[in-house]
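In what follows, chains carry the letters A, B, and so on, assigned in the order in which the sequence lines appear, proteins first and then strands, with residues in each chain numbered from 1.
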2 protein chains.
Amino acid sequence: MAYRETSKIRERKQATHSTIVSHALAMLNEVGFSGLQMAALANRCGLATGTLYRYFPSKEDLCTVLFAHATDIEIAQVEQHLSSTTDTASERIAAALSTFAKRALRAPITAWALIAEPVAPAVIAARLHYRERYAQLFANAIEQGVATGELPAQDSSLSSRALVGAIAEALIGPLAKTEQLDAHAAVQTSVAFCMQAISARPWPSAHLASSITHK
Amino acid sequence: MAYRETSKIRERKQATHSTIVSHALAMLNEVGFSGLQMAALANRCGLATGTLYRYFPSKEDLCTVLFAHATDIEIAQVEQHLSSTTDTASERIAAALSTFAKRALRAPITAWALIAEPVAPAVIAARLHYRERYAQLFANAIEQGVATGELPAQDSSLSSRALVGAIAEALIGPLAKTEQLDAHAAVQTSVAFCMQAISARPWPSAHLASSITHK
DNA sequence: CTAAAAAATGAATCATGATTCACTTCTTGT
DNA sequence: ACAAGAAGTGAATCATGATTCATTTTTTAG
């Protein structure tokens, strides 16, 4: 008998695994999921194409892992802001939105990949999970604010999705001209937009109903 | 000499052209741009694959035409609401947002295809054009409201993008559970969200600045 | 009816990119 | 040094789907 897995090997495999993941995350932010080609990734890692398949059974599995990595980091940060107990609900939400917005600006393609890029079914499942966690986080925070009377009553689940959508579209929608924006100002403005939306007293729905109806 | 293009033929060709476009629009709303396969489309039109190529030089060209068609219809409707002079700026904007929201709910995949689906470069160009027209429309309406004092001063271009993003994400983001929503209520709620965002007096940016800064 | 010209056809070809696998190189315990 | 068992390799294979083009069908004018 001869070969037996030793810790040296185990570590090397772990290192290779990390190498693959980190290079893949970098590529994800350059070309999105669909542009992430296995051959190119292997090349970038200094590995053969086939080697990737010793670590991940398919591109879809790799993408799912990437998705989980990218979102865990992001959600952990947002969660941290939202779970603080020192500030008011509004302040917590504003801080969390800023974090989200800044990350979106810093890594626009990743943000787009996580939020909107069409992906394989298995990855879609991961995305729904991600959206749900996100929606839950913000929805809870909004509900806390509503409970204390700090915010007006509202459909917290819809509001939380609208928050994410507003920021995502405002910041990453026009990928073409990201560089033209003053990033700090853009973050501040879009967070303010969101805070107004959830803080304001309900917009007269009588007007709304009539203006909807008469067409 | 013999064959000469006659009006009979010209009309038939026009009819075929329309057939292709309308079936393609239908498919677009089922599977998006990337799922739109030339062979399947031809089959659906009762034509041979090759015939499509007598009418459109490539799938990319076809998609560009589809994009223009879909957006022209949508933008015309929104424009109509925004250009009315009888209502207040807020009412005009609310009506236009409702129209946008309803269309998004009725044709969610098309909405997603127009707004966010990754597409070929030529189609991206069409999309930027579309976004710009949209942003212009809403931005103008917001500025009118600001000019009359009806709305507070704001970055109209950012606001208009955030409006579209908020509604899009709130309504089409969770494609999976669209059917669970009460459509009418969802439209009304997300429009209200938007109206609050642009109508409210600026959210205290002092709070914002501090909560951003201390992390 | 016939020939010329165009339109339609759809099987074959191309292009792209994921996945496989026979083979080579390493590692390890004796 | 050796044999067993992995790990790594990358060219070949597959799958998908757009595009082409030689052939067939239509249309038209004389």
Side-chain angles (χ1 to χ4, degrees), chain A residues 1-21 23-24 27-28 30-66 113 117-123, chain B residues 1-21 23-24 27-28 30-66 113 117-123:
Chain A
M1 66 238 68
Y3 189 99
R4 202 55 49 84
E5 184 177 88
T6 184
S7 71
K8 178 181 165 192
I9 285 295
R10 193 159 26 247
E11 277 161 30
R12 173 146 62 86
K13 284 206 287 185
Q14 254 171 25
T16 302
H17 191 279
S18 312
T19 299
I20 295 174
V21 170
H23 281 281
M27 281 188 77
L28 178 64
E30 288 161 20
V31 292
F33 283 112
S34 67
L36 200 169
Q37 292 168 211
M38 298 303 268
L41 173 58
N43 184 55
R44 187 153 165 169
C45 294
L47 299 170
T49 313
T51 307
L52 297 182
Y53 286 84
R54 311 201 137 266
Y55 288 85
F56 300 94
S58 72
K59 177 177 171 178
E60 196 170 337
D61 289 78
L62 170 60
C63 287
T64 303
V65 169
L66 293 182
E117 182 180 3
V119 292
V123 185
Chain B
M1 66 240 63
Y3 189 99
R4 202 55 48 84
E5 184 176 87
T6 184
S7 71
K8 178 183 167 191
I9 286 293
R10 194 159 27 244
E11 278 160 30
R12 174 146 64 83
K13 285 206 285 185
Q14 254 170 25
T16 301
H17 192 279
S18 313
T19 300
I20 295 174
V21 170
H23 282 281
M27 281 187 77
L28 178 64
E30 287 160 21
V31 294
F33 284 112
S34 67
L36 199 169
Q37 291 168 212
M38 298 303 266
L41 173 58
N43 183 58
R44 187 151 165 171
C45 294
L47 299 171
T49 313
T51 306
L52 297 182
Y53 286 84
R54 314 201 127 264
Y55 289 85
F56 300 93
S58 72
K59 176 177 172 178
E60 197 170 337
D61 288 78
L62 170 60
C63 288
T64 303
V65 169
L66 293 182
E117 182 180 3
V119 291
V123 185

For the pair made of [atom1] in [X] and [atom2] in [N], what is the distance, rounded to whole Å?
{"X": "F33(A)", "N": "dA18(C)", "atom1": "CZ", "atom2": "C1'", "value": "17 Å"}
{"X": "K13(B)", "N": "dT28(D)", "atom1": "NZ", "atom2": "P", "value": "12 Å"}
{"X": "F56(A)", "N": "dT20(C)", "atom1": "CZ", "atom2": "P", "value": "16 Å"}
{"X": "L41(B)", "N": "dG10(C)", "atom1": "CG", "atom2": "C1'", "value": "15 Å"}
{"X": "I9(B)", "N": "dA8(C)", "atom1": "CD1", "atom2": "C1'", "value": "11 Å"}
{"X": "Q37(B)", "N": "dA18(D)", "atom1": "CD", "atom2": "P", "value": "5 Å"}
{"X": "D61(B)", "N": "dA18(D)", "atom1": "CG", "atom2": "P", "value": "14 Å"}
{"X": "K8(A)", "N": "dT28(C)", "atom1": "NZ", "atom2": "C1'", "value": "9 Å"}

Test side chain to side chain contact (heavy atoms under 4.5 Å, CB included) applied to I20(A) and L66(A), T51(A), V65(A), L47(A), the passing residue: L47(A)

Heavy atoms under 4.0 Å, any strand shown: does [X] hit a base, just sugar-phosphate, or nothing?
{"X": "T6(B)", "answer": "sugar-phosphate"}
{"X": "L52(B)", "answer": "nothing"}
{"X": "L36(A)", "answer": "sugar-phosphate"}
{"X": "Y55(A)", "answer": "sugar-phosphate"}

Student check: side-chain heavy atoms of E30(A) and L36(A) closer than 4.5 Å: no

Close side-chain approach of T19(B) to H23(B), heavy-atom, < 4.5 Å: yes

Candidate nucleotides dA11(D), dT19(D), dA7(D), ranked by approach to the side chain of R12(A) - the nearest: dA7(D)

Closest-nucleotide 5' rank along DNA chain D - winner of A48(A) and Y53(B): A48(A)

5′-ward residue of the pair S7(B)/A39(B) relative to DNA chain D: A39(B)

Check: Y55(B) main-chain N/O paired with K13(B) side-chain donor or acceptor under 3.5 Å: no

S58(B) versus Y53(B), closest heavy-atom pair with distance: CA-CE2, 4.1 Å

Within the pair [X] and [N], is there a side-chain N or O less than 4.0 Å away from OP1 or OP2?
{"X": "K59(A)", "N": "dT19(C)", "answer": "no"}
{"X": "T51(A)", "N": "dT9(D)", "answer": "yes"}
{"X": "R4(B)", "N": "dA6(C)", "answer": "no"}

Under 3.5 Å donor-acceptor pair, R54(B) side-chain atoms to dA8(C) base atoms: yes

